[in-house]
Structure formats: C-alpha cells, structure tokens
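Notes to accompany the following structure.
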Amino acid sequence: MKYDSQSIEKKWQDYWYSRDFFQAEDFGEKPKYYALVEFPYPSGTGMHVGHFRAYTSLEVVSRKRRMEGYNVLFPIGFDAFGLPTENYAMQKGVHPRKVTDENIETFTEQIKRTGFSFDFSRVVDTTDPDYYKWTQWIFLKMFEHDLAYRDKTKVNFCPDCRVVLSNEESQGGECDRCGSTVEKKEKDVWFLRITKYAERLLEGLDDLEPLPRIKTEQENWIGKSEGAEILFPVEGTEERLKVFTTRSDTLFGATFMVVAPEHPFIDKLAERISNMDEIRAYRKKAEQKSEMERTDETREKEGIKIEGVHALHPFTKEKLPIFVADYVMMDYGTGAIMAVPGHDERDHAFAKKYGLAIKEVIAGGDVDKEAYTDVEEGILVNSDFLDGLSVKEAIRKMNARLEEEELGGAAVSYKMKDWAFNRQRYWGEPIPIVHCEQCGMQGVKEEDLPVRLPDLERFEPNREGESPLANIESFVRTTCPTCGGEARRETDTMPQWAGSSWYFLRYVDPKNDTELANYHKLKYWLGVDWYNGGMEHVTRHVIYSRFWHQFLYDIGVVPTKEPFKKRTAQGLILGSDGDKMSKSKGNVVDPAEIIETHGADTLRLYILFIGDYEQSTPWNDNGLKGCRRFLEKVWRLREKVGADKDEKAVETLLHKTIAGVDEDIEETKFNTAIAKLMTFANEAAKAEGITKDTFRTFLKLLNPFAPHIAEELNERLGHREPLVKSSWPDVDESLLEEERVTIVFSVNGKVRDKMEVAKDTDKAELESMALANERVKKFTEGKKIVKVVVVPGRLVNVVAK
RNA sequence: GCGGGUGUGGCGGAACUGGCAGACGCGCUAGAUUUAGGAUCUAGUUCUUCGGAGUGCAGGUUCAAAUCCUGUCACCCGCACCA
C-alpha cells in the first residue's frame, strides 16, 4: 500500500485532538515541564514558515518529554492587538474584532493541520477583554507603585494627516501615508520606569541559560557603565553643571564642557547668555535632525560656544568655556560632559576644530597629535594629587576625593531608557486612567476593570494626533473614581508589547476571573523550562517580560524572581534565492500549501533538517522532497519487519541512534538527529530483516518529528498502545561498544593504512602492528623512526625523519 | 567604531575533549527496471598532472589542527557620537 500522508494525517489529528492527549494537568503527579514558544501575531496572510521553525523545535521536545514521563505544558495563543489589523480595518471598513477572529481561526486550523501537540484548552488572546483586564490590572499596579508616569517627549507628527506616526511610518523624515515632512511635536506620553529595574535585570541574567550572544545582547541593551558624576560650578551663579564620566582620573585635563542642545541649563541661564538667538537656532536645527542624522558618526562634530557663561574647574578654579553640541545626548548620562581632548578622540577632534587647549594628564602618547586613550599603561601627570598613579588608582582616589569635597562621586549610568508605553491608536488595551480636574490622574478602580474598547465605525485618529477613542464622547466622559465628579478617560492605548509581557503566566490559569493566575498553580508550573522564539525578540521582548515579572514578584503575585530558565532562538528561513522572504520578491513559501502537497510530517521534518537551527538558511524544494523520500522509505521499511533476531550491526546501530537522537534533541541539533534516523533507515533497509521491537523503537524515535506516520506504522504493526502514550526508549550501554574498531596507521600525520582490530588491543601490540604494516614500511623506508604515538582505539602515528 | 557570530565540495550542512575532513540530504554521472517519463534500486561523486593538495587568507604551537594561538580579509547580527 502506498504512503498516503493526507488521510493518515487527518486520521491521527482527529484521534489526538478529540481525546485531549495534550492537555496539561495542574498539580499532576508527574514532574512538570513548561515548554514555551512565542505566540504569533495572527496576520491575514496565515502562518509563515518562520512560525513553523519556531514551533517544531519545542514541539519535538514536548512530545519527547511526554514520552519521558513528564506532565508537559505546551501552550499557544495569539498576540492580536496591533497596527496591521487596525490599518486593514481602516481600509476595508471591517471591525478589527472580526478580522482578528477570522485570522485566529485560520491560524488555529493551520496549526492543527500540522499536528502540533499544543494544549488547545489554554489558548489565550490578548484582545479578549477577559485577558486585557489583567494587562490593565498590571498597569494599575505599576501606576500605584510609581512605575508608570507621564512625561513630555517629542513624537513624530504629520502636519497634514494630523496624526502621530510610529518610527516605521516616518522613515527618512517623511510621512508614510502622504509624504509630508514629519514634525517633532511635544506630547505628554506614558512611560514605564524600567530603568529602576536595570540592575536587577542585569543580575537576573545569571539565572537564565541563554546562548552567549543573547546574554551579551541584553547586557548591551541595558548598557551599564560605571564612572563618576562631577559638579562644575558656573561662574557668577548658584548653578552647578553635572557631568557623567567614566574617566574621572582625567579631570585635570578637562579644558572645556559640552552640553546637549536640550539641556535645561541653557534656559535657566538664558538671561546671561549673550548669543541666545544663535543657540536657539542651533537647537531648532538639532531638533529637526532625525536620530539617524544625529548619530551619523562620519559627520564632523560641530557646536556653538555659549557666550557669557563659564564653568569653573572644581579643583583648579580655571575658567572653562561651555559649548552646545548635538553629539551630546540629553537622555544619556546627565546630558553634559567635561571634555578632555588629550584623552578622548571626539573631544580631541572638537578641540582642534575650535582651537581649544589640549592638556596632557596621562603620560605615554603625544596629545598634540592624537588623543592618548590607553588605560593600562598610562601614568597620571600634571594632575596635582593624582600624579604618579595608574588610571585605575587615580579613578578610585578621584572619586573618593569628589565625595569628600561634595563635588560629586562614583556613579553608574545605564544606556537603557524608560519605556515609552502608549500609542494613539484604537486596537490596543485602553490605559485604565481617569483625568479629574480636582484629583488629577486616578487609576480606574479594580472592580471596574476591564476598561473595554468601545465599538467603533471609524478608526482614524482624530485631528489633534490623539487616539480615535478621543472622538467617542461616551467613552471619554466618566466620573472620577476618587471624588465622583466629572472626569475624562485617558484615550491612549498600550503598545503591542503589553499583552506579550505576561502571557506565559496566563497559560497557567487562563480562565481565572478573580486574579491573573492562581499563585499555587504558578508555583507548580513556573519557571518556564525552555522558551524559544525569534532572534529579533531576545532583547526587547525578553527584557520587557523579565521586568514585568520581577515587578509582579515584588508585589507577591508570582513566586519566582525570573520567568525563564532557558531561552533559545531559531535562525531565519530565507527564500530559495538566499534573500529574506518577502512578498515583493515573490520568494515566499506558504506552509499551508506544502502540507497539502507533501504532508505535515514532511514539512515538520524538513524544517528541522534544513540546517543548523540557530543559523539562517535558504529554503530548498529539493531538500523538502528528500524528506518525503525518507518517509516513503520508512513506510516501505515495514516490509522488512519479521525477523526473530536482529543482526548484530543493526542492534548496535539502533542503540547508537537512540543515544544520538536523544542527545541531539536536547542540544537543539535537530538536523543531525534526523540524519541519524536516516542512517538507521538506510542500514535497516539493507538488512535481511529486522525485528518488530526494533522497528517500534525506531518509530518511537521518529515520533516527535513525524508523529502521524509513526503512529500509523505502529498501529499497522499491531500494537495497541499508541505512540503518544508510549515511553521513550532507553539506551542499552552494553550494546554501544563495538567489539572491533578501525585503527588508522599514519606516518608523519598522514593516513597511510587502516586496520580492523579487537577493541582491547593494547598499545605495544598496536605499535608493532603498525611498524610491521607494508604501507607504513613503504613510507618510512630510508628514514629513521623517531617516535611512535599510539592512541588506543583510534590511531598509531609513526614519526620518521 | 564597539560587541557577538559565521567562513568547510556544485548546494544545505556534519566532524566528541586536537586524532580517518566532507556524516546525512540535495544535485550530478553511470547502470538496472520502465514503451517513455516519473518513482524505485545499485554503484560513483572535494580537487588532482595520481606524486600529492585541500576547511576564507598568511604565519605559529603540536607526533597530529576545520578545531588551539597571532595577524588579516569577507559576510551577517546587535549597539552606536555612550561621555
């Protein structure tokens, strides 16, 4: 009978899904295992092969864990708020709710047709009021703990459309919709005080088991740098200009100061500044510059001297000119720097351009020519009480001295900024805040959650750059939860990151309507044992969820400090032309189509066999066919079943395969695991016959990868117990050892001959065998044998001159 | 610029702790089967002047290097005037 993947797959999917085989059991007796994959954004185009690559890995792990006797939680859900749905709704006039529901249905169907063993009884949808009620609840708690606050920022604003644009919508300073030049508009927006958690987010990385690069990426994002803050008095005023520096040792080399254009110090001293007009013009120019322009490192650094004010060196009392320059950023450090041209390259270039003094305070280079930045060798000079010290010692001494004299002291700065947490859009969680003229900003009462999104006909933002919600009087008008007076609702919604920052907690207890999840259930299931997702999410998404989790831990809602124990990331699947898949290039592979033509098992297998799991790799239709051929070969393999006893070679190989497949799965080396299954199938096909037990063991190994065909063959073999309920095979260590091994004979490191010998042949014996070997003799002829290296079980190397 | 990663046949990729480079798959070649094609099976497939040479390139350590060290080039990812 032919291998009919379509009917087999349908049959087993019905069987599994109708019997709840994949439902996780709360407080089950078995050891728990929580495998988590990033939930998808249900777009209208259906699932992408990237989704499949992300899910098949932990799908294999989950199926293996169940066979190993674990109580596995392997959930799925939908991160369904977001711009694409809203834009689609705007264009077509269909409500985002309807679009979302349809897309979720399509995704669910595609997932089921692949045979994934998700627990479908725990599906979450971030746009469901029963879900976003808790997203809002967490926000309220953060608001109560002063972690959510409002502040002004500059947003991208299109003067023609009169809407606020995201960075993606305003690339190159032009509005995505109408092409007008985007303006920067000052606006009150919401921030989450993630910087308060910077140190803990850094520390917690030690408990995560990530790939080294994931860890360094998170460290870079947090961007901790240790240095000092120093106060510079401003001559003739009470003002003191605060700078952050990592090189407080070079303080005596500071010859001027630079402040960011936005620095409030400029406004404070406006009256004393004689060239304020010039500075205002420069400011305006800097403001119009896009981030890209301002951060273009090839651009010559330029600035403007502030006339009329000087800073004073805290120790020497020397007058230091102050410049404004846009290469200093307001949101890093203190927005002001002391410039040490002798020992900083940027400051050096700046000093040369404006003819400023360059002072050497660390001996070792020629500071007239270039900045000397070495911190290992240099010795302090021209630095009063620091002379003769190394850089390290000088920093320590200077920081202590600064503290003593109340001029500053050691300080830490983080690159990470607070998290801008709102959008002027409809399709997101409403921020549960009420503005009352009497009481100010008030959180909505817990019992009034969720603040539901009102039904809308039109989704365009209003003309002042506010969210479409601002147009709905019935939504906006409310009463103050504190004084009961008239009040207005906040109309901004949360960004897409919100719902995805805690979804893995909800899977644990998805239907709970009195708390986000029951504490005892969380205690049973957390932490997530293995979390897999895209490389592009390993910084932001993982940091954001860790931040929320740490906060929830602090207020006693979750029992673990960190949410995830292990994080991996799959590489991209490129189009067969080696380019990123995109509609415009026409190189997109549609997984739904592949399932129809080749079958789900073939797709599952190929997507893991395609290459190194963490590396990006191009799609290849022929490779896909190869996987289908392998399954057909396995299908025919059952004709070999019936031997009473296995050939010794088959038996050994089987156990090697068990050990190898097991290890490879744990190390995310799925491609080699599949290669090992192929090797076994090839050998078994060559044997006279194989036993029924051996074939069943092989099917168990295949089962996590290609469960439909494995179940079908298992059943046809006459086994009553389905593989989904069977146990993972054990390795018989005694069978792994082969009795005979191949020894390589080499001369001067070059292989000259090979020989099969008994495994336990000793060193002396191997050496004499090698020296007696004809080929070895030929290559050592006329030479003197200097040395013989014997590695038992592997090789003999004869060194001859 | 800084940090991380990767470089191996025609292609995707293997190679434990330094010990037979190229597993497995694709593609290709020849043969069998077939009216033919497809499918399947068998054999072969790094290059080669048959001495050898060969893991981006140039050195080094070692009896032995894809693997360790130094330098260098290319590509990818992240961050980026970070004080």
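Worth knowing before you read on, the calculation uses all heavy atoms, side chains too, and leaves out hydrogens, waters and symmetry mates. Note that this is a predicted model, so its numbers are computed, not measured. Letters A, B, ... mirror the listed sequences (proteins, then strands); counts begin at 1.
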(message) Please report the distance, rounded to the nearest Å, between NZ in A:Lys417 and P in B:A80.
(response) 7 Å
(request) Just compare B:G13, B:C24, B:C41 and give me whichever is closest to any side-chain atom of A:Lys633. (result) B:C41
(message) Would you measure the distance from the P atom in B:G3 across to the matching atom in B:U17 and give it in whole Å?
(response) 26 Å
(request) Rounded to the nearest angstrom, tell me the gap between atom CZ in A:Arg794 and atom C1' in B:U17. (result) 9 Å
(request) May I ask you to check whether A:Phe323 and A:Tyr354 place their ring centers less than 6.0 Å from one another? (result) yes
(request) Report the nucleotide, chosen from B:A83, B:G52, B:A23, that has the shortest atom-to-atom distance to any side-chain atom of A:Thr672. (result) B:A23
(request) Give the nucleotide from the list B:A15, B:G13, B:C63 with an atom nearest to the side chain of A:Asn671. (result) B:G13
(request) Please state how far atom CE in A:Met535 lies from atom P in B:C77, giving the value in whole angstrom units. (result) 12 Å
(message) Under 4.0 Å, heavy atoms only, any strand: does A:Asp347 hit a base, just the sugar-phosphate, or nothing?
(response) nothing
(message) Which nucleotide wins on minimum distance to the side chain of A:Arg629, given the candidates B:C41, B:G27, B:A83?
(response) B:G27
(request) Report the distance from atom NZ of A:Lys750 to atom P of B:A53, rounded to the nearest whole Å. (result) 5 Å
(request) Figure out the CG/C1' separation between A:Asn220 and B:C2, and round it to whole Å. (result) 9 Å
(message) Counting only side-chain heavy atoms from C-beta out, which of B:A83, B:G13, B:G12 sits nearest to A:Phe609?
(response) B:G12
(request) Using distance alone, with no hydrogens and no angle criterion, decide if A:Ser225 and A:Tyr332 have a side-chain donor and acceptor under 3.5 Å apart. (result) yes
(request) Would you mind telling me which of A:Val796, A:Val776, A:Val757, A:Val790 makes a side chain to side chain contact (heavy atoms under 4.5 Å, CB included) with A:Met769? (result) A:Val757
(message) If the cut-off is 4.0 Å, is A:Arg752 near the phosphate of B:C20, judged by side-chain N/O to OP1 or OP2?
(response) no
(message) A side-chain contact here means heavy atoms from C-beta on lying under 4.5 Å apart; do A:His263 and A:Val324 qualify?
(response) no
(request) State, without any angle test, whether A:Lys415 and A:Asn220 hold a side-chain donor-acceptor pair at a distance under 3.5 Å. (result) no
(request) Just call it for A:Phe256: base, sugar-phosphate, or nothing, with non-hydrogen atoms closer than 4.0 Å on any strand. (result) nothing
(request) Give the rounded distance in Å between these two atoms: CG of A:Leu795 and P of B:A65. (result) 12 Å
(request) Would you mind classifying the nucleic acid contact of A:Ser616 as base, sugar-phosphate or nothing, using non-hydrogen atoms under 4.0 angstrom? (result) sugar-phosphate
(request) Provide, to the nearest angstrom, the distance between the CZ atom belonging to A:Phe630 and the P atom belonging to B:G12. (result) 23 Å
(request) For A:Ile610, answer base if it contacts any base atom (sugar-phosphate contacts may also be present), sugar-phosphate if it contacts only those atoms, and nothing otherwise; contact means non-hydrogen atoms under 4.0 Å. (result) sugar-phosphate
(request) Select from A:Thr539 and A:Ser746 the residue whose nearest nucleotide in RNA chain B is closer to the 5' end of that strand. (result) A:Ser746
(request) For the residue pair A:Tyr372 and A:His343, categorise the inter-ring angle as parallel (less than 30°), tilted (30 to 60°) or perpendicular (more than 60°). (result) perpendicular
(message) Let's see if you can work this out: which of B:A14, B:C26, B:G19 has an atom nearest to the side-chain heavy atoms of A:Asn620?
(response) B:C26
(request) Identify whether any heavy atom of A:Lys686 sits under 4.0 Å from a base atom; if not, whether one sits that close to sugar-phosphate; answer base, sugar-phosphate or nothing. (result) nothing
(request) Go ahead and write out RNA chain B as dot-bracket, 5' to 3': ( ) for pairs within the strand, [ ] for ones crossing earlier pairs, | when the partner sits on another strand, dots for unpaired; Watson-Crick or G-U wobble, both distances under 3.5 Å. (result) (((((((..(((......[....)))((((((.......))))))((....))..(((((..]....))))))))))))....
(request) Would you please confirm or rule out a distance under 4.0 Å between OP1 or OP2 of B:C63 and any side-chain N or O of A:Lys787? (result) yes
(message) Given B:C24, B:G19, B:A83, identify the nucleotide with an atom nearest to the side chain of A:Phe244.
(response) B:A83
(message) By the 4.0 Å heavy-atom rule, please label A:Asp344 as base, sugar-phosphate, or nothing.
(response) nothing
(request) Between B:C26, B:U40, B:C20, spot the one nearest the side chain of A:Asn622, thanks. (result) B:C26
(message) Quick check on RNA chain B: between A:Gly335 and A:Val751, whose nearest nucleotide comes earlier from the 5' end?
(response) A:Val751
(request) Calculate the interatomic distance between A:Trp221 atom CH2 and B:C77 atom P; express it in whole Å. (result) 17 Å
